[in-house]
Amino acid sequence: MHEDAPILEANRRAKLGSRYAKRARAEGRIPAVVYGHKQDAVPVALDSRAAVRHFNKGERVFRIAIDGSTPAYILLKDLQFDHLGTHPVHADFMRVDLHERITVNVSVHLVGEAKGLGTAGAVMIRPYTEIEVECTLATLPEFIEVNVADMDVGSSLTAKQVALPDASMKLKTSPDAVVAHIVIVQEEKVAEAAPTDAAAAAATPAAGPAVITEEKKKERDAAKADADKPAAKGGAPKK
Amino acid sequence: MPPFKIPSRVKFRKEFRRISRVNRNATGGNYVAYGDFGLQALESCWLKSNCIEAGRVAAQHYLKREGKLFIRIFPDKPVSKKPLETRMGTGKAEVDYWAARIKAGTVLFEITGVSEETAKRAFSRVAMKMPVRCRFVARRITV
């Protein structure tokens, strides 16, 4: 399946650190690191345009040729983006074997029109868009498709209900993790509860938030006042 | 009850301005996490609570009970302001408004359950209410 994985040409980075990484990015290269298989981590730099083209296509398994060496299989483990999420600034690759068992996140694609979505105000919420599975690289799918045509309002799809495409795959995410569920959205009543005209606004007291430090100070003062009362009674002279 | 959300409990009534921390880039909350599409701030600011409420109203008015809107920001910063024509001194002024600290890249609102076209139109209306430049974003590629 991944024998024809795309080849990434990479160069070993001689100088490390943010300053040299910035220079590499300015030259159109992405700093990356290759690790795994109990070998030393190798800092490399990839051609930015070629790498981003593959990332956007959804490719995760590559063959990397560092300084013209024999291509080795790698798996994209992590991708860091800039603050706007537009450009990748660093990539993590793990050395893998085609028959080695790995743990990866696979995105879940929902197919079909759920019958519950026909109800007014019904929305499908997706707390988890991907599930973690353990599989070999040869059986690693790009995504897992689930048919949600039978889902009604209030029903939910959990991770254990997602049919894994290969029998050797194991689910690592919590089996009860909700992948999708259909709920009726209630509109918030914040704005309606507010006074609309200026007179009503003026009549309403400016209720600020409760201040924790002031509450504690009041408690301390009250406790002190309680402690003083019996002392005053006991301290009265006897005649 | 004010017409917009403010914290229910705070540790201190007033806080320092910390203006030097405004012009920064977002390191968290800068990707679409809950919905399918989002509105991302491209500049940093203190976003007043009434702006957030205006954005919410604009989006929900356009969506008409369709889809679900997520508000990713919360106004947790009290900003105090002295009244006009007041002499300096006499201590720190009372709280004037509450603001959310927005850094460049922060995702302000998210929508799920609607088409991309509808989400774009809703967010274009929300963006008009915002004091900063915004853009429409979708989910990042998953790794």
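Convention: sequence-line order gives letters A, B, ...; per-chain numbering from 1. The analysis underlying the following values was restricted to heavy atoms, covering all of them including side chains, and did not include hydrogens, waters or symmetry mates. All figures in this text were calculated on a predicted structure; none of them were measured in a lab.
Under a 4.0 Å N-O distance rule, the pair B:E53/B:R56 qualifies as a salt bridge. Look at B:E117 and B:R121 and you find a salt bridge, because one of the NZ, NE, NH1 or NH2 atoms lies within 4.0 Å of a carboxylate O, short of that distance.
Contacts of B:R140 with chain A are made by side-chain atoms alone, with heavy-atom separations under 4.5 Å and no backbone atom involved. Neither the backbone nor the side chain of B:A33 comes within contact range of chain A; no heavy atom of the residue lies under 4.5 Å from a heavy atom of that chain. Proximity to chain A involves both the backbone and the side chain of B:F12, based on heavy atoms less than 4.5 angstrom apart. For chain B, the nearby part of A:K77 is the backbone; its heavy atoms alone come within less than 4.5 Å. With a 4.5 angstrom heavy-atom cutoff, B:T27 does not touch chain A via any of its atoms.
A donor-acceptor pair under 3.5 Å is formed between the side chain of A:T213 and the backbone N or O of B:K11. Using modelled atom types, one side-chain atom of B:R139 and one backbone atom of B:G35 make a donor-acceptor pair closer than 3.5 Å. Of the possible donor and acceptor atoms, one in the side chain of A:Q161 sits under 3.5 Å from a partner among the backbone N and O of A:T158.
Of all residues in residues 112-124 of chain A, those placing a non-hydrogen atom less than 4.5 angstrom from a non-hydrogen atom of chain B are A:G121, A:V123, A:M124. Within residues 85-104 of chain B, the residues having any heavy atom less than 4.5 Å from a heavy atom of chain A are, in residue-number order, B:W98, B:A104.
Cation-pi geometry between B:K68 and B:F70 is satisfied (NZ or CZ under 6.0 Å from the ring centre, within 45° of the ring normal).
A distance of 11.5 Å separates NZ of A:K172 from SG of A:C135, quoted to the nearest 0.5 Å. Once rounded to the nearest 0.5 Å, the distance linking NZ of B:K129 with CG of B:L39 reads 13.5 Å.
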* Asked: Please walk me through it: do A:L76 and A:F55 pass side chain to side chain contact (heavy atoms under 4.5 Å, CB included)?
  -> CA-CA 9 Å; A:L76 180 64; A:F55 297 157; 3.8 Å; yes
* **From CA spacing to verdict: side chain to side chain contact (heavy atoms under 4.5 Å, CB included), A:V89, A:R25** => CA-CA 7 Å; A:V89 293; A:R25 286 181 205 118; 3.6 Å; yes
* From CA spacing to verdict: side chain to side chain contact (heavy atoms under 4.5 Å, CB included), B:F123, B:V137 -> CA-CA 10 Å; B:F123 280 146; B:V137 285; over 6 Å; no
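Counting only N and O atoms by type, the side chains of A:D92 and A:H90 include a donor and acceptor under 3.5 Å apart.
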